Amino acid sequence: MTTEPDKNEGEVKVLNFLEEIIEADLKSGKHKSILTRFPPEPNGYLHIGHAKSICLNFGLAQKYGGKTNLRFDDTNPVKEDTEYVDSIKDDIRWLGFQWAEELYASDYFEQLYDWAMVLIKKGLAYVDDQTQEEIRQTRGTVTEAGKNSPYRNRSVEENIDLFTRMRAGEFKDGERVLRAKLDMAHPNMLMRDPILYRIIHAHHHRTGDKWCIYPMYDYAHGQSDSIENITHSICTLEFDVHRPLYDWFIEKLEIFPSHQYEFARLNLTYTVMSKRKLLELVKNNFVSGWDDPRMPTICGLRRRGYTPEAIRMFAEKVGVAKRDNVIDLSLLEWCIREDLNKRANRYMAVLNPLKVVITSYPDDKVEMMDAVNNPEDAAAGTRKVPFSKVIYIERDDFMENPPKKYFRLAPGQEVRLRYAYFITCTEVIKDANGEVVELRCTHDPASQGGNSPDGRKVQGTIHWVSAQHAVEADVRLFDRLFTEPHMGDIPEGEDYKSYLNPDSLKTVKAYLEPALAAIPKEEKVQFERIGYFWQDYDSTAAKLIFNRIVTLKDTWAKMNK
RNA sequence: UGACCUAUGGUGUAAUGGUAGCACAACAGAUUUUGGUUCUGUUUGUCUAGGUUCGAAUCCUGGUAGGUCAACCA
């Protein structure tokens, strides 16, 4: 086969609009290199929406040989906590990114204060004594102009004095604010004398009690970007209307001209993305924590079995644009299957067991069957799986009255036990309620390993575990995770409670703990993360099977509709 | 009813004045030691009305629809 390395065939070069801007800036010499930043407020855990932003900011810098800072936007002490700082750092690292510098908006408080003084001296900021209510009332509405504050024309000296005393702690919360002097009739509400500083006597997670005045987002963000020489400040669409203000501060302060660019935030079907709602789910114990596998948080997805590679692939696939979007959850699921399918070793696990006794098999015999670890990767090798007279199969793999194209086990029907034998169902045993509780089968000893010397074909192949070697665990866990509304499909204004099953945590605990006790200590961590297995457990395997179950369920549902 | 942003198959995203392409989803077939994977094929789209142009998804104007903004949140 001949290849032309320069051709790069099949690979279409597609730039998103941010890449186009960056390439143009680099080409024109506007910037020699680029510096982006990821600026979370440490007031909650990162979710899949943040992952898109992280992949964008870090990915863009990587692609163009630049760097990315991690900056915590910690300008509101009452909402923020170091717990969140730590989790955010963990999640970013887990996703596979390394920041150039770890910074905090609170590092800039002194500089920001000095700049506020500059604005005051230029006659561009003033201290307002109005109450919060008065300020709200005089701001006007989207269609009506606001009214000037009676304190708007204070002298520079008086403003300096008052602002100094605000910092010194002479006033109570809410008594005074520092506002920019712009235009109370501006069509953009954000430009109607925005508040720069407010008084908050609260303990800050980093600066402690040093400050009692705190800058607002609009006053802190652009200048923080500027201090760090951020070239491309990339944020979501709702900050679009803030850009004129962002530019105004930079212009008036005559500092490094960082620029803000906006993109559409990620929305996912069936998924709650609002930090406020997620916090509520955690606080009210509707989930076991921020890392509950049903949560759309990065740590939740991690526990659900997602890999960083899959999440990065997802971020790549969803694209970047300025149009509001709702991505199908199926794309995220496709990404994890795509990733795991290539690299995860396969293991057999039965989630919803049905006992099968192979009557023709010797009572005490145990055979070690050869099983392929990963059909997609021969280098992954093989392993031995114990087989014996009594096994469990998946309940879904048997039907007493099968429809026409059902290839798995049914009375009188032959099926292959993967890596083991062909078996034929000879008897169905039911309990008093008519529920199938056990199957009796015979095996073909010649089909050891899964092939018959006479070349006859069986259409179905099913997985199994040897009962005496199995580790028992709760099969319902998996079921719960998939039958409950995924990550909370909660319509606006509805009660979360009706959408999450409060029993699931109890169930998990009740069944997981005895199972854990049966497992060698060194393997517990893996096991705990994934849930459950009868034998042959492994976290990666769980991920694969986990995603595979969804697919099979879908297929089955369709066949029966 | 103010300012700003947006409009391409079911869902996303390309095409930057010259053949509407790609991915997910859906559907059909082939292969298969799991109805998975893999491979092949199929269906479905430029919000609307004008204008400019040899030619418009693309440029202009009007309309329509959706979103954002009236926290001392970020």
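Residue numbers start from 1 in every chain, and the chains themselves are labelled A, B, ... in the order their sequence lines are given, proteins ahead of strands. These figures come from a predicted structure and were not determined experimentally. All values below come from the heavy atoms of this structure, side chains included, with hydrogens, waters and symmetry mates left out.
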message: For nucleotides 65-74 of chain B, give me one character per nucleotide, 5' to 3': B if any protein heavy atom sits under 4.0 Å from the base, S if the only such contacts are to the sugar-phosphate, - if neither.
response: --SSBBSBBB
Counterpart base for [N], defined by Watson-Crick or G-U wobble contacts under 3.5 Å:
N     : value
B/A74 : none
B/U34 : none
B/C47 : B/G63
B/U68 : B/A3
B/U52 : none
B/G21 : B/U13

- prompt: Are A/Tyr197 and A/Tyr214 close enough that their ring centres sit under 6.0 Å apart?
  reply: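 Ring centroids of A/Tyr197 and A/Tyr214 are no less than 6.0 Å from each other.
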message: Looking only at the side chain of A/Glu376 (C-beta and beyond, no hydrogens), which of the listed nucleotides B/A23, B/G36, B/U13 gets closest?
response: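 Nearest listed nucleotide: B/G36.
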Closest to the A/Phe407 side chain, choosing from B/U33, B/G35, B/U37: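 Of all the options, the side chain of A/Phe407 is nearest to B/G35.
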- request: Please figure out whether A/Asn16 or A/Leu417 has its closest RNA chain B nucleotide nearer the 5' end.
  value: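 First, find each residue's nearest nucleotide; the 5'-ward one identifies A/Asn16.
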- request: Name the orientation of the base relative to the sugar in B/A71: syn if the glycosidic angle is within 90° of 0, else anti.
  value: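 Here B/A71 takes the syn form, which means its glycosidic angle is within 90° of 0.
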Rounded distance in Å between the [atom1] positions of [N] and [M]:
N     : M     : atom1 : answer
B/A74 : B/G17 : P     : 42 Å
B/C27 : B/G35 : C1'   : 16 Å
B/A7  : B/C72 : C1'   : 37 Å
B/A14 : B/C59 : P     : 15 Å
B/U34 : B/U38 : P     : 13 Å
B/G41 : B/G67 : C1'   : 39 Å
B/U64 : B/G10 : P     : 24 Å
B/U8  : B/A3  : P     : 24 Å

- request: Compute whether any side-chain donor of one residue and acceptor of the other, for A/Ser149 and A/Asp128, lie under 3.5 angstrom apart.
  value: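 The criterion, which ignores hydrogens and geometry beyond distance, is satisfied for A/Asp128 and A/Ser149.
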query: CZ of A/Arg167: more than 12 outside heavy atoms within 6.0 angstrom?
result: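 Check passes, neighbour count above 12.
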query: If you draw a 6.0 Å radius around NZ in A/Lys147, do more than 12 non-hydrogen atoms from other residues or ligands fall strictly inside?
result: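 Atom NZ in A/Lys147 is not crowded, with 12 or fewer foreign heavy atoms closer than 6.0 Å.
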Check every strand shown and say whether [X] touches a base, only sugar-phosphate, or nothing at a heavy-atom separation below 4.0 Å.
X        : result
A/Tyr214 : nothing
A/Val320 : sugar-phosphate
A/Glu20  : base
A/Ile327 : sugar-phosphate

- request: Give, for atom OH of A/Tyr261 and atom CZ of A/Phe17, the distance between the pair rounded to the nearest 0.5 Å.
  value: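 So the OH of A/Tyr261 and the CZ of A/Phe17 are separated by 10.0 Å.
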Is the closest basic N to carboxylate O distance between [X] and [Y] below 4.0 Å?
X        : Y        : value
A/Asp193 : A/Arg152 : yes
A/Arg206 : A/Glu80  : no
A/Arg456 : A/Asp444 : yes
A/Arg408 : A/Glu394 : no

Can you check the [X] [atom1] to [N] [atom2] distance for me, whole Å?
X        : N     : atom1 : atom2 : result
A/Glu19  : B/U16 : CD    : P     : 16 Å
A/His463 : B/U34 : NE2   : P     : 12 Å
A/Glu394 : B/G35 : CD    : C1'   : 14 Å
A/Ile462 : B/G35 : CD1   : C1'   : 13 Å
A/Glu338 : B/A25 : CD    : P     : 10 Å
A/Leu15  : B/A15 : CG    : C1'   : 13 Å
A/Leu409 : B/G35 : CG    : C1'   : 15 Å
A/Asp183 : B/A3  : CG    : C1'   : 13 Å

field: Side chain A/Asn451 and base B/U33 donor-acceptor under 3.5 Å
entry: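 Counting by modelled atom types and ignoring angles, a donor-acceptor contact under 3.5 Å is found here.
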message: B/U13, OP1 or OP2 - any side-chain N/O from A/Arg323 closer than 4.0 Å?
response: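 For B/U13, OP1 or OP2 has a side-chain N or O of A/Arg323 closer than 4.0 Å.
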message: For a quick test of reading the model, state the closest non-hydrogen atom pair linking A/Lys342 to A/Asp377 and the distance between them.
response: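 What the structure gives for the nearest pair is O-CB, 4.3 Å.
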